[in-house]
Structure formats: structure tokens, C-alpha cells
Visitor: 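Please find one structure pasted underneath; my questions will follow.
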Amino acid sequence: MTKSGGKGKKGEYQRLTFRCALVWRLTRHRSAASLPTSLDGRMALLTRAKASSSRAATLLIQSDSDSENYSSASSDFDDEQGGGDYSEEEEEEEEEGVSGLGASEVREEPPKTTNKGPPPINISLKKVCKVCKGTGHEAGFRGATYIDCPKKPCFLCKMPGHTTMFCPHRVAMEHGVVPAPRRNTGTSLDYVFQRQIKPNIPMIKPAFVIPNQLSCGIIRFHSRQVTCLEFHPTKSGVILSGDKKGQVGIWDYSKLHEKTVYKSIHSSIVNNIRFSSSNDGTVYASSSDGTVSCTDLETGEPFFLLNLLSNGWNGRALWPMLYGMDINQEKGLVLVADNFGRLYFLDVRSKTKAGGPFLIHRKGTKILGLHCNPVEPGLLLSCGNDHFARIWDIRHLEAGSSLYNLDHGCVVNSAYFSPRTGSKILTTSIDNRIRVWDSIFTNMETPSREIVHSHDFNFHLTPFRAEWDPKDHSESLAVIGRYISENYNGVALHPIDFIDTTSGKLVAEVIEPDITTISPVNKLHPQDDVLATGSWRSLFIWRPKEDAECMQEQLGRKSKEFIIGMGDKKSSGKDCIDSDDDSDFGSKGKKSKAKKYGKSDGCGKSKKSKGAC
DNA sequence: ATGCGATGGTTCC
DNA sequence: TGGAACCCCTCGCA
């Protein structure tokens with residue numbers, strides 16, 4: 001029952017709590033040789049019901065085999081561990097068995113009487129699965145391992161017949177890829193691709209460089225979840241971050257303690273941050289408050305290029321929010337899209353609206369991502385809630401004039417052209433699939449590959465986005481956080497996955513025993529071997545092991561350093577500096593949870609996970 | 001220790 | 001088409 005409290009409705013929770021309490025009391029009662037003298041109200045009621053006349057309220061208690069484990073050696077989760085073969089019949093049998101065993105001891109038949117008394121109170125002691133509400137099994141964490149509800153489709157690949165634990169696509173080396181039927185179209189576009197584009201892609205794939213060593217972090221920098229990250233284009237070591245509350249943070253991780261938070265630029269979710277190559281002293285941001293800001297990094301003074309709420313608030317249904325944004329450097333345009341399927345052009349120089357709105361997605365649906373092609377500035381890629389990623393020629397924008405419509409059958413969180421040739425496309429959708437199109441010059445009807453990867457939508461989390469590694473010349477490496485947890489020596493951790501999109505192979509899973517939160521926001525530095533991660537309200541910087549060790553020597557610091565920003569929480573006023581002490585860091589996070597996991601799993605403690613046990 | 005809240009997409013009516 | 005109910009691995013604060 002470790003996780004039962006968080007989600008259910010209040011009434012349901014109380015019911016469950018009540019059941020637990022009763023099970024516990026009954027357990028105590030049975031383990032004792034005789035009836036305790038101090039029974040609580042409910043047990044007293046039961047006793048009264050046993051002995052009493054017809055007037056008393058009747059208590060019906062149904063038990064379950066599982067709650068009998070104090071009297072038999074049965075194991076709670078053996079059935080569920082077996083995967084999807086858990087049938088109705090088995091469950092019924094189990095229940096019958098239970099009533100045979102348990103009812104004689106705890107079930108009270110209603111007294112046979114003709115008097116009309118109060119209606120019987122029926123209390124069930126059966127296990128109730130919080131996922132399917134069925135009885136006889138439970139879903140949830142057992143230690144650091146999550147046990148699925150056997151009656152639901154696989155949480156990972158969404159197919160029925162097995163649980164996540166036995167999913168053939170379970171993220172692991174050599175698993176997780178579903179190659180789409182390969183087409184050999186042989187069109188003239190294929191010829192153009194082979195001739196003009198492919199020579200730019202090296203045939204020999206270089207070894208991937210994975211920044212897998214946690215270098216430094218800033219704990220609780222933001223007051224709400226981090227939603228986006230962007231490296232400063234010229235100042236190495238500076239990263240900007242946006243959060244759900246509208247704050248924009250600037251952090252110089254090379255100096256560790258230099259950080260600034262601008263709190264008054266936006267009043268709602270910062271969805272995208274971008275730099276213009278013409279002026280690296282200002283930064284553009286799109287927000288759910290309906291504005292696009294251009295902010296001076298030194299002063300924090302914003303100028304609003306677009307304000308869709310300038311006419312005031314007209315209710316939630318008409319609230320325009322700006323999501324996808326990108327900058328077309330060549331044309332000097334900021335492209336931004338809203339939650340009604342419309343695209344706007346903003347001129348960087350004149351700082352005014354230069355075009356739009358153009359309806360480019362289904363009316364009334366959110367456009368979540370925009371990306372300009374790095375090679376062909378006229379090409380635009382958009383994606384959104386209407387289940388499509390679409391490719392456009394921005395010179396001919398009309399509804400229905402898209403060059404390609406890539407159907408995903410579900411919400412598409414992000415879509416990116418490949419960073420060097422712009423000829424590949426990588427999309428992330430909420431059906432736990434990463435899709436790759438190898439060439440925009442060939443048949444685009446079906447993706448070249450679908451990679452099954454856990455990144456479910458959860459409204460508490462920033463949507464996951466798979467992003468290309470901008471330094472990978474072969475345009476095959478992508479990074480994305482993982483939603484589903486894995487049991488690492490007794491601690492449930494959510495890795496950051498590096499995936500080779502040409503094979504679907506998991507190249508690396510980056511973890512740190514102290515970071516138990518999910519990391520949906522990840523950004524790879526365009527030049528340096530640095531990975532930045534936004535995990536809940538904190539930021540982390542990862543480097544390859546050698547780099548981290550080198551820095552350690554040069555700066556005389558320990559391998560991991562953290563500072564603590566407190567968001568907008570009331571604090572002592574000064575930031576607490578917490579360098580060189582990861583155990584203390586652990587205590588800020590979910591140390592207690594890690595401890596619990598470690599205990600229940602026997603804790604095969606790793607050399608790193610001292611905080612875990 | 002534990003309840004609670006923030007809150008988006010989908011499905012059902 | 002619109003509104004309401006529902007929802008599986010959150011997270012941290014009160």
C-alpha cells in the first residue's frame with residue numbers, strides 16, 4: 001500500500017485506508033491468542049453484531065487470500081509476477097477459496113430476522129487494485145520494483161497480453177525498436193538524396209561521447225517544474241531555463257554560484273527559449289501567458305513582440321497560449337504558434353508582427369513544437385495535439401498546403417529536423433514511441449523506425465522530447481529522459497537515455513543514485529560535451545567521465561558539487577551553499593524513499609549509493 | 001507519516 | 001461539439 005495514497009479520489013482513499021486499518025487490526029487480533037480487551041469501535045461493533053439482537057447494525061467482512069498471509073505462507077505478488085496470464089477464473093477460484101477459509105472466521109452472516117433494522121454494513125478486506133479497481137491483486141511499488149496491473153495493457157508498449165516487466169520492448173540493450181516496413185521507392189527524390197545529402201553524412205559512425213558523469217547541479221533553482229533549457233550561444237558555461245510559473249533562470253555552471261532568476265517576465269509557463277544569432281545579449285521566450293518576450297540578459301528588461309492577451313482576459317476557453325517557437329535566422333523571423341492551431345511571424349529587427357495568424361493545424365488544437373530546417377530556411381516542421389507533425393514551405397502558407405502530414409495517431413510532443421543536414425526527422429509522441437524518418441526527400445508515408453520508449457504523458461510532468469545530439473556528425477544519437485523506473489540496487493531511478501536512432505539501440509542510460517526524480521527536459525550542448533538536465537525544479541550538468549575528472553583536478557573540487565536555490569520558497573534569505581557533500585544533497589531529495597526501497601529489496605548497495613541505504 | 005494540490009489529454013455521454 | 005469525469009511509476013509541502 002505504499003503508493004495508494006497519492007492518486008485516488010478522496011473518498012476512495014479513505015475507504016482504502018479504512019480497509020488497511022482493519023486488516024492490521026485483524027492481524028493483530030489473530031496473532032494474539034485471545035481477543036484483545038481494547039477493541040476499537042468497529043471491532044466492538046462486530047462483537048456486538050455477533051452476540052446481539054436483530055436491531056444492531058450488521059457488519060459483513062469479506063476477506064481475501066492475501067490478507068491471510070499471516071496464517072499461511074502465500075506470497076502477495078506471485079500471481080502478478082507471472083505476467084498477463086492472470087485469468088478471471090483464477091481470481092474467482094481464489095475468492096472462493098478465501099470465502100471458504102476466511103469467511104468462517106471473519107464473515108458474519110446477517111441475523112435471520114424479520115425486523116427491519118439498519119442496513120448491513122459491508123466492509124471488504126479484499127485487495128483492490130488502484131489501477132483497474134479489480135480485486136485479488138494490487139499494482140504498485142514493491143520495494144523499488146513497480147508491479148503492473150495484470151489486467152491492463154503493457155504500460156510500456158501499450159499492447160495487451162503482458163505486463164511491463166515482460167514486455168519485449170522493455171528498454172534494454174538490443175530491444176525497443178520496431179522497424180517500419182522498409183520501402184524502396186526509387187523516386188527521383190531518392191536519387192537527389194543519395195547524390196546531394198548522403199555524402200555529407202559520414203559513413204563510419206564515430207564513437208558516441210556520452211556525458212554520463214554528474215558534474216554539478218543547482219537544487220530547487222526554480223519554484224515550479226523546469227519546462228525548457230537553452231545554452232547560451234557564445235558564452236560557454238551559461239544555460240537558460242524556463243519554468244511552469246513563468247520564471248527565466250540564467251546559470252553560469254562554469255562558475256557554479258552565478259545564477260539569476262527573472263521572475264516578472266512571464267506569468268505562466270515558459271514553453272520555449274531561443275537565441276537569435278544576430279544578438280546574443282537578448283533572449284526570446286514564448287509563454288502560455290500569450291506573449292513572446294525579448295529580454296535583455298543583463299537587465300532582465302523584457303520587450304514583448306507579441307501579446308495575444310492585450311485585449312484582456314476573456315475566459316479560459318479563449319485564453320491564447322503560445323507554445324512552439326523557433327527562430328528563422330536567415331529571414332530574421334521569430335515563428336511562434338498558439339493553442340488554437342495558428343502560426344505567427346514576428347520580425348526580429350522591427351520587433352513587430354510580420355505575418356499571420358495562419359491556421360496550420362486543426363482549428364482549436366495546440367501546436368506544441370516548431371522547428372526551422374537548419375539547411376533549407378523555407379522549411380518548417382510543426383507538431384501538436386491534432387496527432388500530426390507537418391512540414392511546410394513558409395513561403396506558401398495556407399491551411400492544407402502542408403508538404404507532408406505525418407500521422408502519429410496521438411499527441412506529438414516534439415518534432416525536430418536533424419541538426420546538420422536537416423534531412424532526418426525525429427518525433428516524440430505520447431504513445432511511448434520515438435519515430436524517425438531517415439530522409440524527407442523520400443516517401444514520408446510511414447516512419448523509417450518506431451522506437452518503443454517509456455515517456456508517457458503525465459500532467460504533473462513537463463512533456464518528454466527526444467532531441468538530436470547536435471555534435472553527432474552521423475545524425476543518429478538522440479537523448480530523452482525515461483518515465484518508467486528501473487530498480488538499481490534497490491533504488492527506483494529514472495535514467496536519461498541515449499538512443500542510436502539508426503538501430504533503436506540504447507547506447508547509454510545515465511543515472512545518479514542521488515537523483516530519484518524524473519528528468520523530462522534534456523539538452524545537449526552544441527559544441528561542448530555537456531548534457532544539461534531539468535529534473536523537476538532542479539538543473540544538473542553532466543560531462544564525460546574524463547572531463548569531469550579533469551575539471552576536478554584543475555579546480556580542486558570534488559566530482560559533484562551542488563548549490564541550492566530555493567525558488568520562491570520562504571527561506572533564510574541567503575542561498576545555502578552545499579558543495580562537496582552528496583549525502584546532504586540526498587537528504588534534500590527523496591532520501592527517505594530511497595531508504596525504504598533499499599530496505600525492502602535487501603539492498604545490494606552500490607559503491608555510489610550510500611544515500612540509498 | 002501522510003494528505004493534498006497542481007492540472008492536460010482523452011473518452012464518454 | 002462541449003462539458004465532465006477520469007486518469008498507472010510526481011513531488012514536495014503542510
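No experiment lies behind these values; they were computed from the predicted model shown. Every chain is numbered from 1 and lettered A, B, ... according to where its sequence line falls, protein lines coming before strand lines.
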Visitor: Going by the rule salt bridge (Lys or Arg N to Asp or Glu O under 4.0 Å), which residues pair with K152(A) if we only count those two or more places apart in sequence or in a different chain?
Guide: none
Visitor: Nearest whole angstrom, please: distance from the P of dG12(C) to the CD1 of I219(A).
Guide: 10 Å
Visitor: Hey, mind stepping through D497(A) and R482(A) against salt bridge (Lys or Arg N to Asp or Glu O under 4.0 Å) and telling me if it holds?
Guide: CA-CA 7 Å; D497(A) 291 330; R482(A) 197 192 304 174; 2.8 Å; yes
Visitor: What residues form a ring-ring contact (aromatic ring centres under 6.0 Å, His included) with W319(A), not counting sequence neighbours?
Guide: W313(A)
Visitor: Return the nearest nucleotide to the side chain of Y483(A); candidates are dC11(C), dT10(C), dC13(C).
Guide: dT10(C)
Visitor: Once you measure the plane-to-plane angle for W392(A) and H361(A), does it fall in the parallel (<30°), tilted (30-60°) or perpendicular (>60°) bin?
Guide: tilted
Visitor: Could you give the NZ-to-P distance, from K245(A) to dG12(C), as a whole number of Å?
Guide: 16 Å
Visitor: Give a yes/no on whether any side-chain N or O of R220(A) is located under 4.0 angstrom from OP1 or OP2 of dC13(C).
Guide: yes
Visitor: Given atom NE2 of H222(A) and atom C1' of dA6(B), what is their separation to the nearest angstrom?
Guide: 18 Å
Visitor: Find every protein N or O atom lying less than 3.5 Å from an N or O atom of nucleotides 9-13 of chain B, and list the pairs.
Guide:
| from | atom 1 | to | atom 2 | distance (Å) |
| --- | --- | --- | --- | --- |
| dG9(B) | OP1 | K366(A) | NZ | 3.2 |
| dG9(B) | OP1 | N385(A) | ND2 | 3.4 |
| dG9(B) | OP2 | K366(A) | NZ | 3.0 |

Visitor: Between dC8(C), dA6(B), dG12(C), which one does the side chain of Y146(A) approach most closely?
Guide: dC8(C)
Visitor: How many whole angstroms separate atom CD of Q225(A) from atom C1' of dA6(B)?
Guide: 8 Å
Visitor: Please report, rounded to the nearest Å, how far the P atom of dT10(C) is from the CZ atom of R224(A).
Guide: 17 Å
Visitor: In this structure, how many angstroms lie between the C1' atom of dC8(C) and the CZ atom of F459(A), rounded?
Guide: 12 Å
Visitor: With sequence neighbours left out, write down each residue that passes salt bridge (Lys or Arg N to Asp or Glu O under 4.0 Å) with D338(A), or none if nothing qualifies.
Guide: R342(A)
Visitor: Not counting sequence neighbours, which residues clear salt bridge (Lys or Arg N to Asp or Glu O under 4.0 Å) with D289(A)? List them please.
Guide: none
Visitor: Taking ring-ring contact (aromatic ring centres under 6.0 Å, His included) as the test, write out the residues that go with H371(A), two or more places apart.
Guide: Y416(A), F417(A)
Visitor: Please give, in whole Å, the distance from dG8(B) P to N339(A) CG?
Guide: 11 Å
Visitor: With heavy atoms under 4.0 Å as the rule, sort P520(A) into base, sugar-phosphate or nothing.
Guide: nothing
Visitor: Taking CG from N458(A) and P from dC7(C), how many angstroms apart are they, rounded to a whole number?
Guide: 14 Å
